[in-house]
Amino acid sequence: AMEKSYVSVFLLLIVISCALAKDAGKKDTKDTTVKPKLPQTLSRGWGDQLIWTQTYEEALFRSKHSQKPLMIIHHLEDCPHSQALKKVFAEHKDIQKLAEKFILLNLVYETTDKNLAPDGQYVPRVLFIDPSLTVRADITGRYSNRLYAYEPSDISLLYSNMQKALKLLKTEL
């Protein structure tokens, strides 16, 4: 319980420092306070009602401590393949339901962890990490040249890979 409050205090500090930085930048515009807060921007459209982590480090921490597997989606806002996958992912009711059993992270930038790019830094790509913090490079899509890529037509494969990631967890831990 100690660690949890520790993390939330830390996150709060980050939020406060960001807020201060933002306010300092726009003293002259008064109308910024009027805008309603957007819901869950961390989802970036991959599932607004799901809980998304902000950073890779936070996601690893949460995965380890909750014993839930982590699903990481690398994508880019201006990539049509990413956009197409995002649309079917967000609209797939079973996937959205199953995603609640994961720690979730979507990234529009690469981390320094080379294990997250076993065969290159392409987007979109989806990788699973188990709570022992091992990247499950064995959970792959259907393309031999881009093992972790999924097209919109592969959405049922992605769903079964999510189930696989959860099953592996049960049998190995």
Report task. With sequence neighbours excluded, tell me which residues meet salt bridge (Lys or Arg N to Asp or Glu O under 4.0 Å) with Glu57. Result -> none

Report task. Determine yes or no for a side-chain-to-main-chain donor-acceptor pair under 3.5 angstrom, with Thr134 supplying the side chain and Asp130 the backbone. Result -> no

Query raised in the report: Can you find a pair of side-chain heavy atoms, one from Leu116 and one from Tyr56, that are under 4.5 Å apart?
Result: yes

Query raised in the report: Which residues satisfy the side chain to side chain donor-acceptor pair (under 3.5 Å) test with Gln121, sequence neighbours excluded?
Result: none

**Report entry** Shortest non-hydrogen contact from Val126 toward Leu158
**Finding:** CG1-CD1, 4.0 Å

Query raised in the report: Is the backbone of Val135 close enough, under 3.5 Å, to the side chain of Asn115 for a donor and an acceptor to pair up by distance?
Result: no

Query raised in the report: Can you list the residues that meet the salt bridge (Lys or Arg N to Asp or Glu O under 4.0 Å) rule with Glu151, with sequence neighbours excluded?
Result: none

Query raised in the report: Where is the tightest heavy-atom contact between Lys101 and Pro69, given as atom of each residue plus distance?
Result: O-CD, 3.9 Å

Query raised in the report: Within the distance-only criterion (no hydrogens, no angle test), does the side chain of Tyr148 pair as donor or acceptor with the backbone N or O of Ala137 below 3.5 angstrom?
Result: yes

Query raised in the report: Sequence neighbours excluded, which residues qualify as salt bridge (Lys or Arg N to Asp or Glu O under 4.0 Å) partners of Lys68?
Result: none

Requested in this report: Can you measure from CD1 (Ile139) to NZ (Lys167) and round to the nearest 0.5 angstrom?
Outcome: 10.5 Å

Query - Main-chain N/O of Leu42 paired to Asn106 side chain as donor or acceptor, under 3.5 Å - result: yes

Report task. Identify the two heavy atoms, one from Val108 and one from Leu76, that lie closest to each other, and give their separation to 0.1 Å. Result -> O-CD2, 3.4 Å

Query raised in the report: Under 4.5 Å between any side-chain heavy atoms of Trp46 and His75, yes or no?
Result: yes

Query raised in the report: Do you know which two heavy atoms are closest between Pro124 and Tyr150, and how far apart they sit?
Result: CG-O, 4.0 Å

Query raised in the report: Would a hydrophobic clustering, with Ile, Leu, Val, Met, Phe, Trp and Tyr connected at side-chain separations under 4.5 Å, put Leu107 with Phe61?
Result: no

Requested in this report: Determine whether Leu85 and Leu157 fall in the same hydrophobic cluster, where Ile, Leu, Val, Met, Phe, Trp and Tyr are linked whenever their side-chain heavy atoms lie under 4.5 Å apart.
Outcome: yes

Query raised in the report: Are Pro118 and Leu147 side-chain neighbours, meaning at least one heavy-atom pair lies under 4.5 Å?
Result: no

**Report entry** From CG (Leu50) to CG (Asp48), nearest 0.5 Å
**Finding:** 8.5 Å

Report task. Using side chain to side chain donor-acceptor pair (under 3.5 Å) as the criterion, list what pairs up with Arg142, not counting sequence neighbours. Result -> Asp154

Report task. Answer with yes or no whether the hydrophobic clustering places Trp52 together with Leu70; edges join I, L, V, M, F, W, Y residues whose side-chain heavy atoms lie under 4.5 Å apart. Result -> no

**Report entry** Side chain proximity check, Leu127 to Ile129, heavy atoms < 4.5 angstrom
**Finding:** no

Query raised in the report: Quick check: are there more than 12 heavy atoms from other residues, nucleotides or ligands sitting under 6.0 Å from NE2 of His81?
Result: no

Report task. Taking Lys86 for its side chain and Arg44 for its backbone only, find out whether a donor-acceptor pair lies under 3.5 Å. Result -> yes

Query raised in the report: So, Arg125 side chain and Tyr122 main chain: donor-acceptor pair closer than 3.5 Å or not?
Result: yes

Query - Test item: side-chain donor near acceptor, Tyr159 and Asp94, under 3.5 Å - result: no

Query raised in the report: Looking at CD of Gln67 and OG of Ser132, how far apart are the two atoms once the value is rounded to the nearest 0.5 Å?
Result: 8.5 Å

Query raised in the report: Rounded to the nearest 0.5 Å, how far does CD1 of Ile95 lie from CZ of Phe102?
Result: 10.0 Å

Requested in this report: For the residue pair Leu105 and Met71, establish whether any side-chain heavy-atom pair is separated by less than 4.5 Å.
Outcome: no

Report summary line: Taking every heavy atom of Gly45 against every heavy atom of Ala90, the minimum-distance pair comes out as O-CB, 3.4 Å

Query raised in the report: Any side-chain heavy-atom pair from Gln163 and Ser160 closer than 4.5 angstrom?
Result: yes

Query raised in the report: Among the clusters formed by ILVMFWY side chains lying less than 4.5 Å apart, do Leu133 and Ile103 turn up in the same one?
Result: yes

Query - Shared hydrophobic cluster for Met162 and Ile155 (ILVMFWY, side-chain gaps under 4.5 Å) - result: yes

Report task. Find the distance between CG (Leu60) and CG (Asp113) and round it off to the nearest 0.5 Å. Result -> 7.5 Å

Requested in this report: For the residue pair Leu166 and Leu98, establish whether any side-chain heavy-atom pair is separated by less than 4.5 Å.
Outcome: yes

Query raised in the report: Which residues satisfy the salt bridge (Lys or Arg N to Asp or Glu O under 4.0 Å) test with Lys87, sequence neighbours excluded?
Result: Glu91

Query raised in the report: Which heavy atom in Gly47 sits nearest to a heavy atom in Gln96, and how many Å separate them?
Result: CA-OE1, 3.2 Å

